[in-house]
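Read through the structure below, which is laid out as C-alpha cells, and then see the notes.
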Amino acid sequence: MDIAVDLRLRTTLVCGALALAIAISSLLGTRIRKRHALFAAFAADVGLWYLSQSLFGFYQAPLWARLRMALPVLLPPLVVNLFEAVVPDEGAGTARSRAGRLTLALAIPTLALVLATYPGRSWVRGLLVGYSVAVVAWGLVELSRRGRNSRSRATRRRVSFLVMTGAFTGAFTLVDLGWVLGYASGTQPPPVGVVLSIVFLFVLAQGIRNDRLLDLYELIGRLVVATAVSFLIAGLFYVLVAVVGQFNTMWLNAIVVAIVVLVLFNPLRDWTELQVQRYVLRERRNLEASLGEARRRLAHVLEVDELSEVVMRGLDESRSVTAAALYFLSDDGSTLERRAALGTSTPARIDVASASALLDQLHKTPVVLEELARGQREGRPVPRHHVAGDAVLAAAAVLGPLSEQAVALGIRAEEGELVGVLILADERIGDAFSPEDIALFEQLASQIGAMVVSSRVYLKMKERDRLAVLGQMAAGLAHEIRNPLGAIKGAAQLLAEPGPDGSSAEGPSREFVGIILEEVERLDRVVCSVLDLARESPGAVPPIDVNGVIRRTLQVLGAEWGEADLVVVEELDESVPRVAIPPEQLRQVLINLLRNAGQAMRGRGRIGVRTRLRVRERPQLGDDGATVLAAERHVVVGVTDAGPGIPQSVLKNLFLPFFTTKERGTGLGLAISQRIVQGVGGRIEVRTREGEGTTFELVLPAAMGALGTPMPPAVEPVAPGSASSA
Ligand code: ADP
C-alpha cells in the first residue's frame with residue numbers, strides 16, 4: 001500500500017476510534033438530556049463513518065463500502081438538530097425546529113436512494129454531495145443567525161467561533177466525501193478533514209458537558225491539556241513496553257499502564273492545566289498575578305490614599321487596562337470623589353443624583369458600558385441590565401470619554417452599601433474584558449470595599465486620639481481660665497457689697513458690677529461644660545435605677561422652674577431593668593433635655609417624661625459560628641415637649657459642640673449629653689415635627705446580670721402615670 005494511503009487509512013482509523021470514544025464519554029454524565037443524546041449520535045456517526053472508510057481501505061468488503069456511503073447522509077440532520085438544541089434561538093419565532101425536522105425529512109429519501117442505487121450512479125453521488133453542501137451550509141447559517149440573535153456577548157463570540165470551526169471542518173469533510181465518492185480518484189487529499197472533525201467534536205463535547213460553549217482561550221487550553229496528557233500517557237506506555245516488554249504480553253502491559261494512568265490522571269491533568277495556563281494564557285495570568293499582588297498589598301494598607309495608589313499600580317502593571325479611576329463617596333453621600341486615576345481623564349467629582357441609575361445597577365452587578373452601548377445601537381437590551389439599560393447609559397455619560405467603553409464596578413462595604421466605584425477601560429480593543437476578567441476585577445473591588453471599612457475604623461481611632469489630646473488641652477486651658485475667673489468674681493462681689501461705711505456702688509457702677517457677675521457666671525458655665533466634654537468616659541460603673549434618677553432630677557428642676565408654668569407628666573415603667581451609667585451624668589443629660597424642652601415651650605405647657613423597655617431581635621454569631629437571634633434590651637427614656645419643633649437646618653447640627661440658636665446658649669448641652677450617652681454604649685434619638693413638638697429619646701443598654709439576664713429593676717412603689725407639677 002502506498003505510504004499516503006496507508007497514513008490516511010491509519011489516521012482515519014484512529015480518528016474513528018476517537019470519535020466513538022467521545023460519543024461514549026458524552027453519555028457518561030449524570031443527567032442525559034436531548035443535546036447529549038444528539039451529540040452522542042452525531043459523534044458515533046462520524047466515528048463509524050471513519051471506521052468504515054478505513055476498514056474498506058484495508059479489506060474492501062462491500063459492507064464497509066455501503067456504510068461509508070450511507071453514514072454521511074445522517075451527519076447534516078444530526079448536526080443541525082444538535083445546533084438547535086445547543087444554542088437556543090433567542091430571536092424566538094415559530095420556525096424553531098422546522099430546520100431540524102426538514103433536514104431529517106430530506107435525509108430519509110436520500111439515504112434510501114444511496115442504499116438502493118449502490119454502488120452509485122454518478123447523479124446519485126452528485127445529489128449526495130449537493131445535499132450535504134446545502135444542508136451543512138444551511139445549518140451553519142442558521143447557527144450564526146442564532147449566535148447573532150443571542151443577547152449574551154459571550155454566546156455570540158463563542159458561536160461565531162463554533163461557526164468558523166464548523167465551516168472549516170465542513171469544507172474539509174466535503175473534500176473527504178468527494179474522495180470517498182470517487183471524485184479526484186488520482187490525487188490523495190491529506191487527512192486534514194478527519195483530524196479537524198475530531199477537534200470540532202472535542203470542542204462541542206466540552207461545550208455540551210459544561211452546558212455552555214467555550215471561547216478560544218479556554219478551548220486552546222483544553223486542547224493543549226488533552227494533547228499533553230495523551231502524550232504523557234503514550235510516553236508511559238512506551239516506557240512500559242520497553243521495560244516490561246520481556247513479558248511479551250501486550251495485555252499485561254496494557255493493564256499496568258491502565259493502572260498507572262488511573263492513579264496519575266488527575267494530578268497529571270491538574271499539573272498540565274497549570275503549565276498551560278502559565279504559557280498559553282499568559283495575558284490572563286498576567287492580569288491574575290498583578291491583581292493578586294495588588295490585593296496582597298492592600299491587606300497591609302490603612303490610609304485611603306495609599307490604598308488608591310496600590311490599586312492603580314496593580315492595574316497599571318497588569319497591562320490590561322489603559323484607563324482607570326477610583327471614586328469614593330463623600331461623607332455626606334452627595335458626590336463621588338476621584339481618589340486616583342490612570343490614563344484618559346475622568347471627572348474629579350460625580351454628582352450622585354445624576355448618576356443614580358448607574359449606581360443602582362452597580363449595587364447589583366458590574367456594568368459593562370460597551371455592551372450596553374452596543375445593545376442600544378442595535379436596539380437590543382442586554383439581559384443583565386434589561387430594564388434600566390438606557391437609563392444606566394444616560395447616567396454613565398458623566399464619565400466623559402469612557403462612558404461607552406468602560407466597565408464600572410461598585411465598591412461595597414460589608415453591609416452591602418455602596419461606598420465607591422471603580423472604572424476600568426482598555427481603549428486599545430473592543431470587548432476588552434471577558435467575564436472571567438471581570439470576575440477578577442470584582443474580587444479586587446470587594447477587597448477595596450473591606451479595606452475602606454477598616455481604614456474608616458482606623459481614621460475614627462485616629463480622630464479619637466486627636467480629640468483626646470485636644471480634650472487634655474481644653475481641660476488645662478479651662479483650669480487656667482477658672483482661677484482668674486474666681487478672682488474676678490470675688491472682686492466683683494466685693495464691689496457689689498456695701499462698704500464699711502455702709503455705702504455701695506450706685507447707679508451705672510452697680511449695673512456694671514451686675515453685668516460682670518452675670519458674664520463671669522456664664523463663662524464659668526461654659527468652662528465647666530468644656531471640662532465635661534473633655535472628661536474621659538468612666539470605666540465600669542454599677543447599674544442604677546433610671547426612674548429614681550429621673551424623679552430626683554425633676555425635684556431639682558422643680559425648684560429651678562419655680563415660677564414657670566410647666567407641668568411634667570411622668571409615665572415611668574417600673575419594671576425597666578437597670579442601666580450602667582453614673583447617676584450624676586444621667587442627671588446632667590436629663591437636665592439638659594428638660595431645660596431645652598422648657599425653653600422650647602417658653603416656660604409654658606406640658607413636658608412628658610417616659611421610660612420603657614425596648615426589646616429587639618438581632619442576628620448574632622453564636623459560639624459555634626452559627627447565626628442566632630439574640631434579644632437586645634434597651635431602656636428608653638423619652639422627653640417630649642410641645643414646642644415649635646426643630647427645623648431641618650438645626651437638626652443636622654444639633655449635636656455639634658457650640659452650635660446654638662439661643663442668644664445666651666452655649667451649644668454644649670446636647671454635645672455633652674451625646675458624649676455621655678455614647679460613653680455607656682447608648683444613643684440619643686430625636687423625633688421632631690415642626691409646629692408640634694420634639695421628643696428626645698435616650699436609648700440606654702440594659703445592664704446584664706452574671707447569667708446574661710437583664711438586671712431586675714429597683715422597684716420603688718410609685719404609681720406610673722402620676723403627674724407632678726414642676
Ligand atoms: P443650647 O441649649 O445651649 O443652645 P444645646 O446643645 O442644648 O445647646 O442645644 C442646641 C440647639 O438645639 C438649641 O440651641 C436649639 O436650637 C436646639 N434644641 C435643643 N432642644 C430643643 C427642643 N426641645 N426643641 C427645639 N429646639 C431644640
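Throughout, numbering of the chain's residues begins at 1 and tracks the sequence. What you see is a predicted model; the values in this text were computed from it and never measured. For ligands, and for the atoms within them, numbers begin at 1 and follow the listed sequence.
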Legend entry - For atom 25 (C) of ligand 1, the protein heavy atom that lies nearest, with its residue and separation: Ile646 CG1, 3.5 Å
Legend entry - Backbone N/O of Val549 and side chain of Thr553: donor-acceptor pair under 3.5 Å: yes
Legend entry - Min heavy-atom dist Asn592 to ligand 1 below 4.0 Å: no
Legend entry - Which of the ligand 1 atoms, numbered from 1, are nearer than 4.0 Å to a heavy atom of Gly665: 3 (O)
Inset, instruction - Give a yes or no on this: more than 12 heavy atoms of other residues, nucleotides or ligands lie within 6.0 Å of atom NE2 of His363. - result: yes
Legend entry - Salt bridge Arg616-Glu632, side-chain N to carboxylate O under 4.0 Å: no
Side-chain donor-acceptor contacts of residues 638-647 below 3.5 Å, not counting sequence neighbours, with atom names and distances?
from	atom 1	to	atom 2	distance (Å)
Thr640	OG1	Thr695	OG1	3.1
Asp641	OD1	Gly643	N	2.8
Asp641	OD1	Thr694	N	3.1

Legend entry - atom 7 (O) of ligand 1 [closest protein heavy-atom partner, distance rounded to 0.1 Å]: Asn596 ND2, 2.8 Å
Legend entry - Neighbour count >12 (heavy atoms, 6.0 Å) for atom CD, Gln648: no
Legend entry - Minimum-distance pair of heavy atoms, taken over all atoms of Thr346 and Ala325: OG1-CB, 3.5 Å
Inset, instruction - Name the closest protein heavy atom to atom 2 (O) of ligand 1, giving the residue it belongs to and the distance to 0.1 Å. - result: Lys662 NZ, 2.7 Å
Inset, instruction - Please could you name the atoms of ligand 1 that Thr666 approaches to less than 4.0 Å, counting only its heavy atoms? - result: 3 (O)
Inset, instruction - Going by heavy-atom distance to atom 1 (P) of ligand 1, choose the closest among Gly669, Pro644, Gly667. - result: Gly667
Inset, instruction - Closest by any non-hydrogen atom to atom 21 (C) of ligand 1: pick that one out of Phe696, Phe655, Phe659, Phe658. - result: Phe696
Inset, instruction - Distance to 0.1 Å, residue and atom name: give those for the protein heavy atom nearest to atom 4 (O) of ligand 1. - result: Thr660 OG1, 2.6 Å
Inset, instruction - Starting from atom 15 (C) of ligand 1, locate the nearest protein heavy atom and write down its residue, its atom name and how far away it is, to 0.1 Å. - result: Thr661 OG1, 3.4 Å
Legend entry - Leu654: numbered ligand 1 atoms lying under 4.0 Å from its heavy atoms: 12 (O), 17 (C)
Inset, instruction - Carefully, step by step, assess Glu697 and Arg614 under the rule salt bridge (Lys or Arg N to Asp or Glu O under 4.0 Å). - result: CA-CA 12 Å; Glu697 280 186 332; Arg614 183 193 284 178; 3.6 Å; yes
Inset, instruction - Could you tell me whether the side chains of Asp573 and Thr611 share a donor-acceptor contact shorter than 3.5 Å? - result: no
Inset, instruction - Ignoring angles and geometry beyond distance, decide whether Asp641 reaches within less than 3.5 Å of ligand 1 through its nitrogen or oxygen atoms. - result: yes
Inset, instruction - Before signing off on this row, confirm whether Leu670 and ligand 1 have an N or O atom pair separated by under 3.5 Å. - result: yes
